[in-house]
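Take a look at the structure set out below.
Every number for a ligand or one of its atoms is a count from 1 in the order of the listing.
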Amino acid sequence: MLIRVRRSWEIPESTATPERRFFDRRSVIKGAAAAGAALALPSAALAADDPLAALFPARHNDVFKLDRAVTPESVNSDYNNFYEFGSSKQIGAAAKSLKTRPWSVKIDGLVAAPRDIAIDDLIKAMPIEERLYRHRCVETWAMAIPWTGFPLSELVKLADPKPEAKYLRLETFQDAKTAPGQKQFWYPWPYVEGVRIDEAMNELAFMAIGAYGKSLANCFGAPIRLAMPWKYGFKSIKSIVRISFVSEQPVSFWQKLQGGEYGFWANVNPDVPHPRWSQATEELIGAGKRVPTQLYNGYAEQVAGLYKGMEGRKIFF
Ligand code: MTE
C-alpha cells in the first residue's frame with residue numbers, strides 16, 4: 001500500500017490560517033471576475049494589460065505549504081533587490097521602464113538544439129501552476145510569495161542537454177538605457193547565476209512567470225525569474241534572457257564582485273554566518289518580527305540529498 005508521508009514543509013492546514021486567508025482572497029477575486037463579465041467590474045480592466053491574463057488563476061499545487069503568512073503584495077513590491085534599477089529597495093517605479101514584450105530566452109551551450117524561444121511560446125509549452133514559497137535573502141530578511149510558473153526541470157527537458165553539461169548558467173538582460181544601475185561600472189554586468197543540473201532538476205526549482213495571481217510585476221523580475229527557495233535569494237536571478245548549459249561551474253555576479261562573501265552554493269543555514277553578520281534569525285518583512293532561520297530555509301528534507309558527500313561550510317556559503 002502507498003502511504004503518503006508528510007514532508008517537513010507540509011505543515012498541517014490548521015496551522016496555516018494566514019495562508020487560508022490568502023485563498024479566501026483568491027476565491028473573492030475569482031468570483032468578482034466571473035461577476036465582472038456581467039457587471040463590467042474593474043477586475044476585467046485590471047487584467048486587460050496583463051499579457052498572461054488567461055493563465056490566471058493558475059492551478060494551485062497544494063503540496064507546497066507555508067508556516068507563515070503570505071507577504072502582502074503591496075509590502076513585497078515596495079521592498080526588492082534589483083540592482084539593475086539601483087541599490088535601493090524601492091525600485092518598483094524605476095523597474096516599470098523595462099519592456100517585457102517582445103522578450104525571448106536563448107537556450108544554448110551543450111544542448112541538442114540551441115534556440116531562441118519567445119517568452120509566450122515558452123510559457124505555452126510548460127505546465128503552469130501556483131506554489132507558495134518562502135524566500136530568504138542573505139541580508140537576513142524573508143518573505144512568503146505565491147509564485148506562478150513551471151518547474152525548471154521542464155525547461156531542462158525541453159533543452160535536452162548533452163551528457164557533458166553539468167551546470168546551467170543563467171543571465172539577465174543588459175540595457176543600461178533602461179536599467180540605469182547598469183551604468184555603475186564597478187558591478188560585473190550582466191547579472192549571472194549558476195546552478196548544478198541536479199539542483200535544476202529538483203522539484204523545488206521553479207521558474208516564476210507570475211506572482212499574486214497575475215503576471216510578474218517588473219520589480220519581481222518580469223517576465224521570467226528563478227525561485228530556488230532553499231538558497232539565499234541572490235541565486236534567484238530575475239528577468240532572464242539566456243540559459244546556457246555548460247561543463248564548468250559558472251561564476252555568479254556576487255561571486256565575481258565579492259567572492260569572499262558570496263559563494264556558488266549559497267544554501268540557507270542558521271549556523272553558518274555571513275562574514276559580516278549572523279544568519280541565525282530572519283526578519284519577516286511586513287510582519288514586524290524576527291524568527292529563527294531554518295536549515296535550507298525549511299526545505300532540508302527535499303534538498304539535503306543533493307549535497308551528500310559535500311558536507312561542510314562550503315555549501316552554505
Ligand atoms: N536578479 C537580478 N537580475 N538582479 C538583482 O539585483 N537580486 C537578487 C535576486 N535576483 C537580483 C536578482 C537578490 S539579492 C534577491 S534577495 C532577490 O532577487 C530579490 O527578489 P525580490 O526583489 O523579488 O524579493
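When hydrogens are left out, the protein atom nearest atom 10 (N) of ligand 1 is S236 O, 2.9 Å; that is the closest non-hydrogen contact. Looking only at protein heavy atoms, the nearest one to atom 18 (O) of ligand 1 is K238 CE, 3.5 Å. In terms of protein heavy-atom proximity, atom 17 (C) of ligand 1 is nearest to G233 O, 3.5 Å. Looking at atom 24 (O) of ligand 1, its nearest protein heavy atom turns out to be H135 NE2, 3.0 Å. Annotation: atom 16 (S) of ligand 1 to nearest protein heavy atom, C137 SG, 3.4 Å. Nearest protein neighbour of atom 7 (N) of ligand 1, counting heavy atoms only, is N81 O, 3.3 Å. Ranking the protein heavy atoms by distance from atom 4 (N) of ligand 1 puts E84 OE1, 2.8 Å first. For atom 8 (C) of ligand 1, the nearest protein heavy atom (residue, atom name, distance) is Y191 OH, 3.4 Å.
Near Y83, with a cut-off below 4.0 Å to any heavy atom, the atoms of ligand 1 are 5 (C), 6 (O). Applying the 4.0 Å criterion to heavy atoms of T172 picks out, from ligand 1, the atoms 3 (N).
For atom 13 (C) of ligand 1, the nearest non-hydrogen atom from the set Y232, W254, F82, F234 belongs to F234. Heavy-atom proximity to atom 23 (O) of ligand 1, evaluated over Q174, R225, K235, is greatest for R225.
For the pair W141 and ligand 1, the shortest N or O to N or O distance does not fall below 3.5 Å.
A side-chain donor-acceptor contact under 3.5 Å links S278 to the backbone of A280. The closest donor-acceptor contact from the side chain of S239 to the backbone of T172 lies at 3.5 Å or more, if one exists at all. Side-chain N or O atoms of K214 include none that pairs as donor or acceptor with a backbone N or O of A211 at under 3.5 Å.
Assignment of S239 to the shell around ligand 1 is not supported, since no heavy atom sits closer than 4.0 Å.
Between the side chains of K96 and N218, no donor-acceptor pair of N or O atoms lies under 3.5 Å. Donor-acceptor pairing under 3.5 Å is lacking for the side chains of W186 and Q184.
Between Y262 and F234, the ring center distance clears the sub-6.0 Å criterion.
With respect to K289 and E283, no salt bridge is recorded, no charged nitrogen being found less than 4.0 Å from a carboxylate O. For E199 and K231, the salt-bridge test passes: some basic side-chain N is under 4.0 Å from an acidic carboxylate O. Taking the charged nitrogens against the carboxylate oxygens, D67 and R134 do have a contact shorter than 4.0 Å, which makes a salt bridge.
When each of E139, R136, H274 is tested with Q279 by the rule side-chain hydrogen bond (donor to acceptor under 3.5 Å, both in side chains), just one qualifies, namely R136.
Contact annotation for N80 and ligand 1: heavy atoms of both the backbone and the side chain come within less than 4.0 Å of the ligand.
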